[in-house]
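Order of the sequence lines fixes the chain letters, A, B, ..., with proteins taken first and strands second; residue numbering starts at 1 for each chain.
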Protein chains: 2
Amino acid sequence: MTLEIPEVVINRLPVYARALAALALDGETVVSSQTLGERLDVTPAQIRKDLSYFGRFGKQGRGYNVLGLLAKLREILGLDRKWRVCLVGLGRLGQAIAEYGGFEPQGFQIVAIFDSDPASVGKLVNAVHVHDSAELDSFLRQNPVDIGIVAVPAHAAQQVVDRLVNAGIRAILNYAPMTPHVARDVAVRNIDPVLAMQSMTFYIKKAEPSGK
Amino acid sequence: MTLEIPEVVINRLPVYARALAALALDGETVVSSQTLGERLDVTPAQIRKDLSYFGRFGKQGRGYNVLGLLAKLREILGLDRKWRVCLVGLGRLGQAIAEYGGFEPQGFQIVAIFDSDPASVGKLVNAVHVHDSAELDSFLRQNPVDIGIVAVPAHAAQQVVDRLVNAGIRAILNYAPMTPHVARDVAVRNIDPVLAMQSMTFYIKKAEPSGK
DNA sequence: GTCGCTCCGTTACGGATTTCACAAAGGTGA
DNA sequence: TCACCTTTGTGAAATCCGTAACGGAGCGAC
């Protein structure tokens, strides 16, 4: 019935939404797929096709109402509500994530932090309580959480992922440098700047001698 | 002649390399596409196909020599040398990046940091000197840098990207929440955990009422 | 040496995704 | 109202990518 929507399309929608929010701040009220596409390095046809999976949001001859389309996208993506997030791992990376101010304003609220280091347990980080990792399962049973952020060393990550999934979490943002194994109905996104770097070097290695 | 290699393939190679390095640490000397594929949630055929773009590295009936293939991949990707990186932006995020220990061991050496806040300029962060952003262009003219990391606010990011590209940098790791505009021969990778979150919510919004 | 099993490299196929191109619709101005 | 310009939504075509399948090579056992 609901014709399957390609994941690549879903991944682009937040990019569109972000651009629309920026346009709205600039005071733009209407935007065409052409203009939006130039801003995002995407072809106008792709934008129109992506949107057409979900409905007809534009006006021929005019374009899209910026705020209207933004609201639609937010609704489609489920961004019209708050999401409860937990963070596992409070090493260097975990601390940076805990103190990162970018999630909260977008509706992603870190409601609990877990770490296995007794020195951290009990502290407050960015006004969030740090629990012992051992309590992860019991905590999640009592406090529903939607999304888990994994920021533990690679060797511990699969176990953490398993525990999150077993506790019912179906979305995981993974910062550990490994590929987590999860059931098909669990969404995973990996953040790994090193991998990103390592794929770019392929393209610049050819011509760039850089230093002697 | 050198038959164009799809970017998706290039993006997977570092993942393979990472897995091979892990296998090597486990003492494995040989691995089949089957085994590697299970570890990475990739079909064996895809691994073989990807590798076949670059040569014949396996032995029929045996598989791939772990260290041998790893060395090959590192060579293909240009990871068999050090890369000089500069970081622009020393806010919260920039500081976390500067202190992140994951780049150095992979051969990505941050050789300079730039920030526009006079309070930061002149400091040492993780043993790297912090320069005034105004010096960016002159610094790069004298000290070749291969890769730029952008960690400035979105509204300043395009300008920073332009300056980096004008200075000859052809690879950019962008942490700013915007889509940079660059010439076709410049590689860009965007790191945006919020976008990652926002695409996952689409999949979990349906069935998960979470809190009442 | 032969059998049997494993597993690579490659080609062919099919599915997924992107791009093209056009009919139809909204808007403007005379 | 009509002519003209813009831009959408969408089927069809083209391209890109992943998977299946298979011939043949390596290895071990007997």
Interatomic distance where [atom1] belongs to [X] and [atom2] belongs to [N] [whole Å]:
| X | N | atom1 | atom2 | answer |
| --- | --- | --- | --- | --- |
| A:Arg56 | C:dA23 | CZ | C1' | 12 Å |
| B:Phe57 | C:dC8 | CZ | C1' | 13 Å |
| A:Ile47 | C:dT17 | CD1 | C1' | 16 Å |
| A:Leu51 | C:dT18 | CG | P | 13 Å |
| B:Phe54 | C:dC8 | CZ | P | 17 Å |
| A:Ile10 | C:dA16 | CD1 | P | 16 Å |
| A:Tyr53 | D:dT10 | OH | C1' | 11 Å |

Check the interface with nucleotides 26-30 of chain C: list each N/O to N/O pair with the protein under 3.5 Å, or write none.
{"residue": "C:dG26", "atom": "O4'", "partner": "A:Gln60", "partner atom": "O", "Å": "2.9"}

Listed by chain and number, what are the salt bridge (Lys or Arg N to Asp or Glu O under 4.0 Å) partners of A:Arg74, not counting sequence neighbours?
none

Which part of the nucleic acid, if any, lies within contact of B:Arg48, taking any heavy atom under 4.0 Å across all strands shown: a base, the sugar-phosphate backbone alone, or nothing?
base

Please list all pairs meeting salt bridge (charged side-chain N to carboxylate O under 4.0 Å, His left out) that have one or both residues in residues 41-64 of chain A, counting only residues at least two apart or in different chains.
A:Arg12-A:Asp50

List in chain and number order the residues that pass side chain to side chain contact (heavy atoms under 4.5 Å, CB included) with [X], two or more places apart in sequence or in another chain; answer none if no residue qualifies.
| X | value |
| --- | --- |
| B:Thr43 | B:Ala45, B:Gln46 |
| A:Ala167 | A:Leu140 |
| B:Pro6 | B:Val8, B:Val9, B:Tyr53 |

When you measure from the side chain of B:Arg163 to the backbone N and O of B:Ser133, does any donor-acceptor pair fall under 3.5 Å?
yes

Side chain to side chain donor-acceptor pair (under 3.5 Å) partners for A:Asp80, two or more places apart:
none

Pairing residues for A:Gln34 by the side chain to side chain donor-acceptor pair (under 3.5 Å) criterion, not counting sequence neighbours:
A:Glu38

For DNA chain C, what residues of residues 16-37 of chain B have any heavy atom nearer than 4.0 Å?
B:Ser32, B:Ser33

Return no unless some side-chain N or O of B:Tyr64 is found under 4.0 Å from OP1 or OP2 of C:dG9.
yes

Residues at least two apart in sequence or cross-chain that pass ring pair (Phe, Tyr, Trp, His ring centres under 6.0 Å) with A:Phe114, listed by chain then number, are A:His131, A:Phe139

Could you work out, with ring pair (Phe, Tyr, Trp, His ring centres under 6.0 Å) as the rule, every residue matching B:Phe202, not counting sequence neighbours?
none

Count the heavy atoms belonging to other residues, nucleotides or ligands that lie under 6.0 Å from CD of A:Gln159, then report whether that count exceeds 12.
no

Dump the pairs, protein N or O against N or O of nucleotides 14-19 of chain D, anything under 3.5 Å, distances to one decimal.
{"residue": "D:dG18", "atom": "OP1", "partner": "B:Arg12", "partner atom": "NH1", "Å": "3.1"}
{"residue": "D:dG18", "atom": "OP2", "partner": "B:Arg12", "partner atom": "NH2", "Å": "3.0"}
{"residue": "D:dG18", "atom": "O5'", "partner": "B:Gln46", "partner atom": "NE2", "Å": "3.4"}
{"residue": "D:dT19", "atom": "OP2", "partner": "B:Thr43", "partner atom": "OG1", "Å": "2.9"}

